[in-house]
K.L.:
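Please see the structure below; I have some questions.
In what follows, every chain begins at residue 1, and chains take the letters A, B, ... in the order their sequences are listed.
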Amino acid sequence: MTAPIPPARPATDRPSLAPSRGDRPGLRAVAPAVIATAVPAALAVVATVALADGTARAPLAWGLGAAALLLCAAVAAASRATVTARLLRRRLDSVTNDTGRLLQERARLTGETSRERTRLTDEFAAERTRLTEEFAAERARLTEEFAVERTLLTDGFAAERTLLDERNTRDTARLTTELAQERARLGTQNARQAAELRRARSDRAAAVSAAANAAGRMQALATGMLADLRAMEDKHSDEEVLADLLHLDHRTAQAGRLADSVAVLAGARSGRRWARPIVMESILRGAMGRIAGYQRVRVHSASEAAVAGHAAEGVMHALAEILDNAANFSPPTAEVHVYVEEVPAGVIVSVEDSGLVMGEVQLRRAESAVSGEGADLGGLSGTRLGLAVVGRLARKYGLRVSFRPSARGGTGVLVLVPQDILSDSSGAETPVAPEPPALPAPEPRETHSATRALPDPEPEPVRAHEFASHDDESAGNLPKRSRGRTLAEAERGRSRTAAAPEARSDADDKYRGARFGSFRQAVRRTPSDGAGDDTPPGDAPRERAHTGSAQDSGPEPSPHATSHLEGDPTS
Amino acid sequence: MSRPGRDDAPDRLYTLTGGRSRSAPDTPFDLVTLVVAECDPVPGMQSEHTAILRLCARPTAVVEVAAELGLPVSITRILLSDLLAAGRVSARHPRKAVHNGIPDPDILEQVLVGLRNL
């Protein structure tokens, strides 16, 4: 494949100081002299030995042989030394020649170096001088240019500043005058708007007071109409007439609620005031009676708490608005459930519907509406007065209203009626049931049982935490109100008889007579309608009930099975 | 006709009966039917029912119940029908005191006492 590289042959022409092969003389250079000596020596020895006696022949041979050998060795050493001296002399000559050549070369190089250094030194000095001169010239030029430029700019700046100063002064003067004019103009405008605001405020106050006045009159009318209707309901026992009267009653109650709402929003005092505490059952029924869909409301309450008379109307109204909202925003057949729970802070009424779930934004809006903080009439719309009314009433009576999603799928409203507008239920009386007010004491607190709007005589199972049943009120202790006695007197009489029950049994005859007397009162006809006006208020409903009873004595109940009100539940 | 009294009840009559204004055609109550409670009031009942049950611990006429409650007789009859349907009261027609033409002397005595008390 590749040709073998021939080994480099040593250069023959280089001056070499290394010892050559001739340094040590080889055998070939020594051999001739040795041979030339050895041959005669050997001949001489042989001759001598041959000539000598027999006895001396052997030692002589040995001695001569040794001498001959020594002679040969000496000749060899001399010959070798001679050759070596010749070689060394030759090398010394060549080395001397080399040394001379090298000295010449060094002298030549030294001369060249000194020449070159001199030349470079000269060139450097010349270059430095030249650059120094150029730099000085450049600096002088730049200095001049800088001075010129600075002068120029200083002049321009001064001119500019003067110009701006003048302009600034001019502008300042102009703006000052404009400001004064603007201020004067705004001052007059402000005064005009203040006057307009005053006028608008007085207009608003007048309108609000007119609305309040009208609402108050409407409230009075509604209250009077409700009382009239109640009297008529007691008077007419015909079921047809009663159904119509109840229908009218319902409509009038709703109209009265609207008048109440307007009055509340106009800042008038709300509705009527009750002279005594109203128990929670009546509060809830009063609230239900003012809304259209009251038949869909289911009340679960066993609370005995009563709301103080001054606040009862407000609480009733607020609950009516909340119930109306719940009934309106749930499907027309869904029920609205009301739970009453007594807590240390008061009474919590929770209204749960299964209608629309309020979104986050709606909940916040409703919360802010019922917080009662936006007391202005600005955000009102014509059809959504309810929550604003609730907010006003809540602020007035300290109610706390909160919204949350209901477990029934709709919205739940919690109303906390605070303790300070609750009053002891022992002072409360339910006029439609003039029993001793302390009687229902065994009913437990925090009990959810069913008091249905549709009367359900079979109450749902009662979840009673504490159930203290004291049945010390027997039927014999029931208050009997004889004619001419007010309810309070009957109460006092009852407490006296309760203190001495055995005296009661002694007067059994008298008791039976009293029973008959009440029967007789029941069938007695009221002499005239006009006589009812001077009847004491506590007696008036009773009188009318008797009138109705007398009229009802003859005919059988009407064959109509459905009432008018049932046919028109959400009018 | 009347002045709006301060001691009316806030309950409207239609809320007591859930809107019903007439009783069922087969209701056994007329004015003088005697009503007797069959059990004690239960917590959570409507307050009128409680009152009726307390009142009728002794036999009591419908018209008396109505007078004591201060309610029209029609409304009272509806309430009583509910209680009767639940078996909490029983109805009994009064003794025929005059079926042989001679009134019971007890009744006459009670009438007399009642007349004197007037």
K.L.:
Pick one of side chain, backbone, both or neither for Met225(A), based on which atoms fall under 4.5 Å of a heavy atom in chain B.
P.N.:
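For Met225(A), neither part sits under 4.5 Å from chain B.
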K.L.:
Where do Leu246(A) and Ile75(B) come nearest, in terms of heavy atoms and distance?
P.N.:
CD1-CD1, 4.3 Å
K.L.:
Donor-acceptor pair, distance only, cut-off 3.5 Å: does the side chain of Tyr14(B) make one with the backbone of His247(A)?
P.N.:
no
K.L.:
Minimum heavy-atom separation for Arg285(A) and Ser47(B), please, with both atom names.
P.N.:
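Scanning both residues completely, I find the closest heavy atoms to be NH2-OG, 3.7 Å.
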K.L.:
Could you give the distance from CG (Asp234(A)) to CG (Leu13(B)), rounded to the nearest 0.5 Å?
P.N.:
7.0 Å
K.L.:
Could you list the residues that satisfy side chain to side chain contact (heavy atoms under 4.5 Å, CB included) with Ala222(A), not counting sequence neighbours?
P.N.:
none
K.L.:
So which heavy atom on Arg77(B) is nearest to which on Glu239(A), and how close?
P.N.:
NH2-OE2, 3.6 Å
K.L.:
Heavy atoms, side chains only, cut-off 4.5 Å: are Met288(A) and Arg12(B) in contact?
P.N.:
no
K.L.:
Sort Leu226(A) into side chain, backbone, both or neither according to what part of it lies under 4.5 angstrom from a heavy atom of chain B.
P.N.:
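Looking at Leu226(A), backbone and side chain both touch chain B.
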K.L.:
Kindly give the heavy-atom pair with the smallest separation between Arg230(A) and Gly70(B), and that separation in Å.
P.N.:
NH2-O, 2.8 Å
K.L.:
Do you know which two heavy atoms are closest between Thr15(B) and Gly289(A), and how far apart they sit?
P.N.:
CG2-CA, 3.5 Å
